[in-house]
Amino acid sequence: MHRDLDPDRFLEGLLGFLDASRSPFHAVRNLARHLEDAGYRRIDEREPWAVTPGERVYLTRNDSSIVALRTGRDPTDGLRMIGAHTDSPCLRLKPEPVFVDRGYLRLGVEVYGGVLLNPWFDRDLSLAGRVHYLDERGTLQTTLLDFARPIAVIPSLAIHLDREANSNRSVNAQTDIVPVLGCLADDTRPDIRALLAEELGRQLPDAKVASVLDYELGFYDTQGAARVGLEQEFLASARLDNLVSCWCGVQALLHSDEAVPALLVCNDHEEVGSQSSSGAGGPFLRSVLERMSGSADGFVRLITRSMLISADNAHGVHPNYADRHEPNHGPVLGKGPVIKVNANQRYASNSATQALFRNLCAGADVPVQTFVTRTDLGCGSTIGPITATELGVPTLDVGIPQFAMHSIRELCSARDPAALTRALIAFQSLPTLPPLI
């Protein structure tokens, strides 16, 4: 059926993937490398292409979303699809970000997604993302940039100057969250594009950068992913939501039965609503499936024979705030993946897809939990309902439980990612799917 996962190599690979994927662009590049190492062939949306049984291909859009497809014995027999997202809440650099005040160089940022702002203070920050530039011949080029060293910090205001900080502190995203990069000899305002060109010149000396035209860059915490706890039972890192699911998804695809048709999609822009050309609300996945199926009738038959598991992290019961959770539906870290349920369709799970997943978990010896939000609290969402609406595919929402979601440093169990992956391997090795529509 599938090659066994080595637990130590799996976790070591996850830690490395988290540290190397400091932007959605870096995440997609790293996923593509894993796919290519396993023999997947890159195809181009702009060119004619067709897939035949036994093929393994992948394609990207906007450098920040990726679809990997394994056709198996018969790709029209329905796909076992896994979905995740590559983006995480962060602070994105503004187009004209430079501020000079009292000799300090600061860079203005825009809040991307539902950022938990307080943990961003007093962290060693760096900058990563995508840059577009002209080379010495005047040709427009694109590359990824990662400063890979601490270059900025957002200092806290001393408690002596804010005596209410521990009891009544609010954060103004415009004025309080402005990274400081250094001290200047005078009030001359540096050119951010010149600074980026200089850094590119250091990192890519053969690129011959003439001028930087534009960029999509975000700050990140330079502290690396690590195992913590008395028995090393936790995993602490930035971007656990949702790079853990991307890693679990690609490992499931690479370790499941290659005779079974399967697909992995990792979309950008989930944290801001998915409404983009490369987001789950856009046409990326649909266009791949339509071209694969060859006709409108073939597309409908393919979708009705397929199923999507949307993998995105869930809220574990926080021991200090247990009252914030629904009784009887409180996932515990280390106790396995979580089925996410919402009667108002904020999650796409239904009884048919839930039952199938529970049965798969039982067969794979994977414990399974359930999350339902408190009735008096709002419920988040995922790419699951969006993709289900766009395609009409039967869908299940699952994820591993975590603490500190949307913080600069999140926490999950070191065991749960492998448990979720075993369940996903069982799903993508399933020879036949029962009727789900």
Side-chain angles (χ1 to χ4, degrees), residues 24 27-28 31-32 35 40-53 55-72 74-87 242 245-246 249-250 253 260-312 345-350 353 381-397 427-428 433 436-437:
V28 165
L31 290 169
L35 291 165
Y40 277 69
R41 172 174 61 91
R42 181 167 191 154
I43 55 179
D44 192 331
E45 280 194 285
R46 299 170 297 178
E47 303 296 333
W49 58 265
V51 291
T52 57
E55 283 206 80
R56 296 177 298 170
V57 298
Y58 79 92
L59 60 162
T60 67
R61 180 174 285 193
N62 190 48
D63 300 325
S64 62
S65 295
I66 188 168
V67 171
L69 171 66
R70 183 182 72 208
T71 57
D74 183 2
T76 65
D77 190 38
L79 292 167
R80 290 69 166 149
M81 297 191 285
I82 297 170
H85 64 87
T86 59
D87 60 322
N242 190 33
S245 298
C246 294
V250 75
L253 186 67
V260 176
L263 179 146
L264 171 68
V265 56
C266 298
N267 290 113
D268 194 5
H269 301 135
E270 189 273 348
E271 297 293 359
V272 292
S274 295
Q275 300 302 305
S276 71
S277 64
S278 54
F284 183 32
L285 179 57
R286 172 181 279 273
S287 69
V288 172
L289 298 177
E290 286 178 341
R291 294 176 74 173
M292 171 189 166
S293 54
S295 67
D297 180 67
F299 172 75
V300 173
R301 286 190 287 114
L302 175 67
I303 288 300
T304 55
R305 295 176 179 178
S306 300
M307 176 178 161
L308 169 72
I309 293 182
S310 167
D312 199 350
Q345 295 300 296
R346 298 296 289 169
Y347 302 128
S349 307
N350 62 39
T353 57
S381 191
T382 70
I383 67 167
I386 297 170
T387 307
T389 301
E390 289 293 319
L391 299 181
V393 64
T395 301
L396 174 75
D397 270 297
F427 171 63
Q428 292 199 315
L433 281 171
L436 296 169
I437 288 183

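What you see below is based on every heavy atom in this structure, not just the backbone, and it leaves out hydrogens, waters and symmetry mates.
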When every non-hydrogen atom of Ile43 is compared with those of Trp49, the smallest separation belongs to CD1-CD2, 3.7 Å
Is the backbone N or O of Pro24 less than 3.5 Å from a side-chain atom of Thr86, with the two atoms forming a donor-acceptor pair by type? no
Which heavy atom of Met292 sits nearest a heavy atom of Pro75, and at what distance? CE-CB, 3.2 Å
Between Ile383 and Ser274, the two heavy atoms sitting closest are CG2-OG, 4.2 Å
Side-chain heavy atoms of Gln428 within contact of Leu253, under 4.5 Å: yes
Hey, are the side chains of Leu263 and Val67 touching, using non-hydrogen atoms and a 4.5 Å cut-off? yes
Given side chains that start at C-beta, do those of Val393 and Leu79 come closer than 4.5 Å, heavy atoms only? no
Partners passing side chain to side chain contact (heavy atoms under 4.5 Å, CB included) against Ser293 (at least two apart in sequence or in another chain): Phe299, Leu302
Answer yes or no: is there a side-chain heavy-atom contact under 4.5 Å between Val288 and Tyr58? no
Give every residue pair that meets the salt bridge (charged side-chain N to carboxylate O under 4.0 Å, His left out) criterion with at least one member in residues 282-298, sequence neighbours excluded. Arg286-Glu290, Asp297-Arg301
About how many Å separate CZ of Phe427 and OG1 of Thr353, when rounded to the nearest 0.5 Å? 9.5 Å
Just to verify, what does Thr76 make a side chain to side chain contact (heavy atoms under 4.5 Å, CB included) with, not counting sequence neighbours? Asp74
Does the Asn242 side chain pair with the main chain of Ala311, one donor and one acceptor, at a distance under 3.5 Å? yes
Would you say that Leu396 contacts Ser349 through its side chain, given a criterion of any heavy-atom pair below 4.5 Å between the two side chains? yes
Side-chain (Thr387) to main-chain (Gly384) donor-acceptor, under 3.5 angstrom: no
Which heavy-atom pair separates Thr60 from Phe284 by the least distance, and what is that distance? C-CZ, 3.9 Å
Please report the closest heavy-atom contact between Asp63 and Val28, naming both atoms and the distance. O-CB, 3.4 Å
Qualifying residues under side chain to side chain contact (heavy atoms under 4.5 Å, CB included), relative to Ala388, sequence neighbours excluded: Ala348, Thr395
State the CD1-CG distance between Ile437 and Asn350, to the nearest 0.5 angstrom. 9.5 Å
Partners of Val300 by side chain to side chain contact (heavy atoms under 4.5 Å, CB included), sequence neighbours excluded? Thr304
Report the distance from atom OG of Ser276 to atom CG of Asp87, rounding to the nearest 0.5 Å. 9.0 Å
Backbone N or O of His269 within a donor-acceptor pair of the Gln275 side chain at under 3.5 Å? no
How far does CZ of Arg41 sit from CG of Leu59, to the nearest 0.5 angstrom? 10.5 Å
Qualifying residues under salt bridge (charged side-chain N to carboxylate O under 4.0 Å, His left out), relative to Arg56, sequence neighbours excluded: Glu258
Using side chain to side chain donor-acceptor pair (under 3.5 Å) as the criterion, list what pairs up with Arg70, not counting sequence neighbours. Ser256
Between the side chain of Ser310 and the main-chain N/O of Asp397, is any donor-acceptor distance below 3.5 Å? no
Evaluate the criterion side chain to side chain contact (heavy atoms under 4.5 Å, CB included) for residue pair Tyr347 and Thr382; output intermediate values, then yes/no. CA-CA 7 Å; Tyr347 302 128; Thr382 70; 3.8 Å; yes
Sequence neighbours excluded, which residues qualify as side chain to side chain donor-acceptor pair (under 3.5 Å) partners of Ser381? none
How long is the straight-line distance from CG of Asp312 back to SG of Cys246, given to the nearest 0.5 Å? 9.0 Å
With side chains defined as the heavy atoms from C-beta onward, is the minimum distance between Ile386 and Asn267 less than 4.5 Å? no
Which residues pass the side chain to side chain donor-acceptor pair (under 3.5 Å) test with Ser64, not counting sequence neighbours? Asn62, Asp268
Can you name the salt bridge (charged side-chain N to carboxylate O under 4.0 Å, His left out) partners of Asp77, sequence neighbours left out? none
Which residues pass the side chain to side chain donor-acceptor pair (under 3.5 Å) test with Glu270, sequence neighbours left out? His85
Quick one: salt bridge (charged side-chain N to carboxylate O under 4.0 Å, His left out) partners of Arg61, sequence neighbours excluded? Glu45
Could you check if a side-chain atom of Met81 sits within less than 4.5 angstrom of a side-chain atom of Val265, using non-hydrogen atoms only? no
What are the two closest non-hydrogen atoms of Ile303 and Pro394, and how far apart are they? O-CD, 3.9 Å
